[in-house]
**Student:** 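If you scroll down you'll find the structure; I have some questions about it.
Chain letters run A, B, ... following the sequence lines, proteins first, then strands; residues in each count from 1. The figures here come from the full heavy-atom set of this structure, side chains too, leaving out hydrogens, waters and symmetry mates.
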Amino acid sequence: MTIEFLVDIVLLGLLALTAIAIHKTRDLFASIMLTGIYSLLSALFFIVMDAVDVAFTEAAVGAGISTLLMLSCMPLVKKQEQPSRHHRPLGLVVVTLTGALLIYGTMDMPPFGSVDDPIQQHVAPRYLHQSMDEVGLPNVVTSVLASYRGFDTFGETVVILTAGIGVLALLGFRRSRAQEMQHRVPAMQQHMILRIISKLLIPPILIFAFYVQFHGDFGPGGGFQAGAIFAAAIILYTMLFGLSTARQVFRERYIHLLAAVGVLIYGAVGIASMLAGKNFLDYDALAANPLTGQHVGILLVELGVGITVAAVMIIIFYTFSGRLDKDDHKEPES
Amino acid sequence: MSYLLQYNYWIVMVLMMIGFYIVISHGNLVKKLLGLSIFQTSVFILYISMGKVEGGTAPILDEGIVLYSNPLPHVLILTAIVVGIATTALGLALVVRISESYGSIEEDDIQKMDNEQC
Amino acid sequence: MGISMFSVTTVAILVSMILAITRAFLGPSLYDRVLAINVLGTKTVLLIAVLGFLMGRPEFLDIALLYALINFISIIGLMRFFEYSSSRQEEK
Amino acid sequence: MTVLLDLLSWVALLLGSFFLIVGSVGLLRFPDFFTRMHAAGVTDSLGAGLILFGLMFQVDGQWIVLFKLLSILFFIWLTSPASSHALAKAALHHNQQPLLGDEVRNRKQAANE
Amino acid sequence: MLSQLPILQVILPLMAAPLCLIVREPRLVWLFSLLTSALTLGISILLLQQVLHEGTLSYALGGWQPPWGIEYRIDPLNAFVLLLVSLLSFVVLLAAHTSITREIAPEKQTYFYMAFLLCMAGFLGIVATGDAFNVFVFLEISALATYTLIALGSDRRALWASYQYLIMGTIGATFILIGIGLMYMMTGTLNMHDLAQRLPAVAGTRTLFTAFAFFIVGVCLKLALFPLHLWLPNAYAYAPSIVSAFLAATATKVAIYLLLRFIFTVFGVEFSLNHLPLQTILMALGLAGVFMASIVAIYQQNMKRLFAYSSVAQIGYMILGFSFGSVTGLMATLLHLFNHALMKGALFLALAGIFYRLGSVDLDKMQGLAKRMPYSMAAIVIGGISLIGVPLTVGFVSKWYLVLAALESGWWPLALLVLAGSLLALVYVWRFVETVYFQPLSEANSQVKEAPLGILLPTWLLVVANVYFGIDTQLTVGVAQIAAHSLFGSAS
């Protein structure tokens, strides 16, 4: 067997070990870190399975943003989780049954990795062989994501917006405390070196985000990934320089608007093609030459996705830290 | 013999079940969310495994390459990852509010307080 | 010959990843875990880079770059948590 | 020319792999946090550097790949020491004391007994 | 423009939601949402007419023909459920402005309306789409919006209920995702119509069986079928009143639709009901749900909780209906889908009015309240009568068809059990009547006024509908019949 097989097996083994370790440890902080590792490993696995775009997203969203969000909740949490008072045998039974059913299901699965599987036969070949003529982008994942199945992606952008609305509705209030903290000394004052390094790094990160946004047609990348990277840069800034400083640079009100604007851009592209007499999200209608239309459509749509994702991630992080940064007023420890 | 080649799927199933078990067996609300994210990530691995073609490469068209892996599962999972983070964020927001109003993030404690209130 | 040198490196990185992840499992202190994660992140970056060459599509290095970046940001997030816990201890 | 480049790659990659493994063994085997940190440093600086250098000899005229490799290297060399420094500082603040001289030996003996 | 109706149905509320974030002012946002939902209702009426005249509509999103692109496929069943969802959303939204002034802080009201619109768009999207994965995406839109809506409740238990629902709902959605993935693995397609044609070829495989099991269990989690219903009572009881009304009237209906669509259209009756023991399982669970939930409902003090348990019982009836596997049974399910939405909409809206005045919906605080709030109480009584299934109300129509279906299949003991279930409903409705009409007015309630007009009017709109559709059954029965036949037609 090949080296790829080896990598595959080792990664899957490590994933299983990590999952068990998460189950075993009672230290919540360690569990969160291990979940980060789990994401990291699964993203590596995605690369081995040729899913570079997915790996990109999992790295940015799963290992990055998700872990950061979990961590920002930590101040609330007791470090150790309580041992559960009653044993739950029922859970074990349910899981065993479900697992047995799944294993039973694998018995008739088409062989792993074979070209003759039904999954490789019916719908997918058209994407691989004709998308170049129909959409005109080398990255097939982007073509399918933004054009063939563009409506899914629209729905997904709305999901993100919904989450943002939900977090705001749940945590976005209690303004008085936030204002009270306006003039306090920001967190992480004492980490001079980190702050200087980060100051140095934030501009390249932002440039990288733009590169990912607009290079998504040709390589791995696109709106989600770019949005997440952009948000990560802002989050880095917020963590080091404090929420109140960050709020002055990136005003909350505008970010709220941007979250809505991203979805509206996406929808507007769809409606524009409807007004031009075609179906919703049919980018052919956007220009005289269908291929140009597809390019314009995908560019705009990815932009909308990027804006919403970045804005919502920032909103969520702001809201969490606004709620939880009880130490924002700590004096620096010399 | 052909069953043995499904090793990939088998391990994925085990991963899924570990995640699922964490969700239902732990009483800590944050831990439950962690379990949920592991469960979902494992399902993503299942999808991506389906799309793999032996000897294929990433579905970014280039000259001189004939065999590509299936791009459709990748697209679906991109969507699902974003759905996953959305759920996690909302779940965490709920946990924050629960801990503020109940003073605990353990299922047992909360259930007890609710029973007393009733 | 070109292929095999990447394979050898891949195996080496995998072995060192297993060692590092063991440290992350064992702990004992949180700092050890954070350290292990930091190292693991670096190794992941390297593995992606090498895998890109191994599979003959080195243009996917963007992902490695992203990893390096995310790794750094996560570490800062972890540091921030230490800050919380320290101030909490002082309050007590 | 290619043979020379390949040779350089081989040397760099093998040396890099060696340092990676050595660093990881140290990470696992060393007795306390600060010595482990030292081992981790080997991985981040020498291991990563050599492997990335080894890859750079193989870019084969794709300058964009070279540029990306260089930026990764730049990134790692910039962030890794910074975060190690911050981590060490945090650990010291939290009463993690390095083991000194006899302590190491004592602990080893305790472990053996 | 008529050909664009299927997509307009969904994107109208979807696009209106982000616009709310720009409008901001709660009162304006309410009017704007109301306008949107009125338009949505108009579109769904037009769609139903179009479908009844021209047959199934297919709309290719992005201009890519299915199965490569996503398809919206509207047949009589979708059109029927679309109408139901948009109608009930509109009526509930009418009452929203008055009701939430008491229950939701002003600065959160904009978010409430956004979540409401998104939830509605999610439901409409699930119903309209003809693509299996698209179902998952819209399921999550509606689910996330639902968690938010429930958590807006003023009681802290609302948070806990929302969290529990989030965990259960996400497990359900992940199960559905696994099911869809395995189906895709076996056929290579995601389009429902295409799946229906390709699944028979792999019908005997163990993988497809697993896919089917996961999908059905996932949907049953979402629709709170009997042993999986634990999240529902708390969620309905502690959510803001208006949200309870909205969810009780629409959420489970959409899940039932999904179940019907996959059992009948995608997997086919032959595979789902005849090959597998599913028929027996569903029948048993449906009946168990009817009895267990009704009995628990009898002991509830909180009226919202009581009606929540009654919802679980009514879901049992719907499941029972189509598990007969006959056209009449399916018609009973579809009729009950619509009728139950009308009843529970009316009941929960009336409770919203009571909550507005009393700040509580506990039964022991309502003694003799009929003297102070005659219209609200009368609404609950009529809704309750409908729930029991007394002639001249909608409840009777669906029970009638259910009994017919049972007799038709020769399961006459089941017909008796259905009637026995109605008796249990009589018990819990009677408890309410007894407290409210026959007990003396308590001191605390002597100054209480009738519910505000803003809530009372929509409530009575639904009450009248309850009676009207109970007498003039032509429209609902006609559509249900066509829809039931179309489901069986597509299955063969």
**Student:** Which region of B/Ile38, side chain (C-beta onward) or backbone (N, CA, C, O), has a non-hydrogen atom less than 4.5 Å from a non-hydrogen atom of chain A, or is it both or neither?
**Tutor:** both

**Student:** Heavy-atom cut-off 4.5 Å, strictly under: side chain, backbone, both or neither for A/Met313 against chain B?
**Tutor:** side chain

**Student:** For residues A/Thr25 and A/Ala30, report the shortest heavy-atom separation together with the two atoms involved.
**Tutor:** OG1-CB, 4.1 Å

**Student:** Given that the side chain runs from C-beta out, which part of A/Ile47 has a heavy atom under 4.5 Å from chain B: side chain, backbone, both or neither?
**Tutor:** neither

**Student:** Tell me, for B/Ser69 versus chain A, whether the close heavy atoms (under 4.5 Å) come from the side chain, the backbone, both or neither.
**Tutor:** both

**Student:** Side chain from CB out, backbone as N, CA, C, O: work out which of these in A/Ile316 comes under 4.5 Å of a heavy atom of chain B, or both, or neither.
**Tutor:** side chain

**Student:** Need one label for B/Leu29: side chain, backbone, both or neither, based on atoms under 4.5 Å from any heavy atom in chain A.
**Tutor:** neither

**Student:** Between B/Val82 and chain A, which part of the residue has a heavy atom less than 4.5 Å away: side chain, backbone, both or neither?
**Tutor:** both

**Student:** What part of A/Thr96 lies closer than 4.5 angstrom to a heavy atom of chain B: side chain, backbone, both or neither?
**Tutor:** neither

**Student:** Should the pair B/Phe20 and B/Phe39 be assigned to parallel (<30°), tilted (30 to 60°) or perpendicular (>60°) ring geometry?
**Tutor:** parallel

**Student:** With a 4.5 angstrom heavy-atom cut-off, is it the side chain or the backbone of A/Thr35 that approaches chain B, or both, or neither?
**Tutor:** side chain

**Student:** What option among B/Glu54, B/Met13, B/Lys31 has the most heavy-atom pairs under 4.5 Å with chain A?
**Tutor:** B/Lys31

**Student:** Where on B/Leu78 is there a heavy atom nearer than 4.5 Å to chain A: the side chain, the backbone, both, or neither?
**Tutor:** both

**Student:** Let's test your reading of the structure: which of B/Ile22, B/Val83, B/Leu94 forms the most heavy-atom pairs below 4.5 Å with chain A?
**Tutor:** B/Ile22

**Student:** Please classify the contact of B/Thr88 with chain A as side chain, backbone, both or neither, using a heavy-atom distance under 4.5 Å.
**Tutor:** side chain

**Student:** For A/Pro110, is it the side chain, the backbone, both or neither that has a heavy atom under 4.5 Å from a heavy atom of chain B?
**Tutor:** backbone

**Student:** Is A/Phe218 close to chain B through its backbone or its side chain, or both, or neither, when contacts mean heavy atoms under 4.5 Å?
**Tutor:** backbone

**Student:** Look at the side chain of A/Thr18 and the backbone N and O of A/Tyr38, then say whether any donor-acceptor pair between them is shorter than 3.5 Å.
**Tutor:** no

**Student:** Given heavy-atom pairs under 4.5 angstrom as the criterion, report whether the side chain, backbone, both or neither of A/Ile9 touches chain B.
**Tutor:** side chain

**Student:** Of the backbone (N, CA, C, O) and the side chain (C-beta and beyond), which part of A/Val48 lies under 4.5 Å from a heavy atom of chain B, both, or neither?
**Tutor:** backbone

